[in-house]
Every structure is written in structure tokens, then in C-alpha cells.
Amino acid sequence: MGEWSEYFEDFPDENPANYVGNKFDPKGAEALRAAKAKQAAEQSKLNAEIARIVQKHRKPGSSESGSK
């Protein structure tokens, strides 16, 4: 038997990644994955920006953990 990826190429309706909810929708599933990836990338950029702002405004000599 071949690889799983080969099986899913032959039978895309058997691939759980092609479902949105309980409906077979490969294009919708791909769009959903792309939207989640975009959101994760944007969130990562925002987290980095927040970290830079916090670092910029941190008092000199304060501890990294934030506890006193």
C-alpha cells in the first residue's frame, strides 16, 4: 500500500482536512486554513510589537519576570 498522501489524492472525500463542519468542502477548508494562517501571522507580528513596546518602556534595573 502506498503513502497516506497518495490515498487522499485518489479519495479526497476520505480526507478529514477537506471538511468544514460535517460538509465536504475542499475549497472552503483550504480558505479556512489560509485565513487561520494569516491570523496567526498577524498575531505573531502584534505580539512582537507588544514585546518591543514593553521592553522600550521597562524601567532600567527591573526584573524580567515582572515580580517584585
Side-chain angles (χ1 to χ4, degrees):
M1 184 171 178
E3 297 289 322
W4 278 106
S5 59
E6 293 173 6
Y7 175 80
F8 289 136
E9 287 176 9
D10 294 336
F11 302 100
D13 56 326
E14 295 289 330
N15 187 349
N18 287 333
Y19 283 80
V20 177
N22 292 328
K23 183 180 176 188
F24 178 69
D25 184 7
K27 290 183 181 179
E30 179 61 32
L32 185 62
R33 286 190 294 272
K36 286 184 178 184
K38 181 180 176 184
Q39 182 182 18
E42 289 174 359
Q43 187 63 53
S44 178
K45 288 179 185 177
L46 290 172
N47 288 345
E49 183 179 352
I50 289 169
R52 284 192 302 272
I53 291 169
V54 168
Q55 186 65 33
K56 179 180 176 181
H57 294 284
R58 181 171 278 152
K59 292 180 183 178
S62 66
S63 66
E64 297 265 337
S65 65
S67 61
K68 293 181 179 182

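The chain is numbered in sequence order, starting from 1. All heavy atoms count here, side chains included; hydrogens, waters and symmetry mates do not. No experiment lies behind these values; they were computed from the predicted model shown.
- The nearest pair of heavy atoms linking Tyr7 to Glu14 is OH-CG, 3.6 Å.
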(request) List the steps and the verdict of side chain to side chain donor-acceptor pair (under 3.5 Å) for Gln55 and Arg58. (result) CA-CA 5 Å; Gln55 186 65 33; Arg58 181 171 278 152; 3.3 Å; yes
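- Atoms CZ and CG, on Arg52 and Asn47 in that order, are 10.5 Å from each other to the nearest 0.5 Å.
- Within the structure, salt bridge (charged side-chain N to carboxylate O under 4.0 Å, His left out) contacts touching residues 32-41 (residues at least two apart or in different chains) are Glu30-Arg33.
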(message) Checking Lys27 against Asp25 for the side-chain contact (heavy atoms from CB on, under 4.5 Å) test, could you report, in this order, the C-alpha distance in whole Å, the side-chain angles of both residues, the deciding distance, and whether it holds?
(response) CA-CA 6 Å; Lys27 290 183 181 179; Asp25 184 7; 4.2 Å; yes
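- Using a 4.5 Å cut-off between side-chain heavy atoms of Ile, Leu, Val, Met, Phe, Trp and Tyr, Tyr19 falls into a hydrophobic cluster with Phe24.
- To the nearest 0.5 Å, atom CG of residue Leu46 and atom CD of residue Gln39 are 10.5 Å apart.
- When all heavy atoms of Ala29 and Val20 are compared, the closest pair comes out as N-CG2, 3.4 Å.
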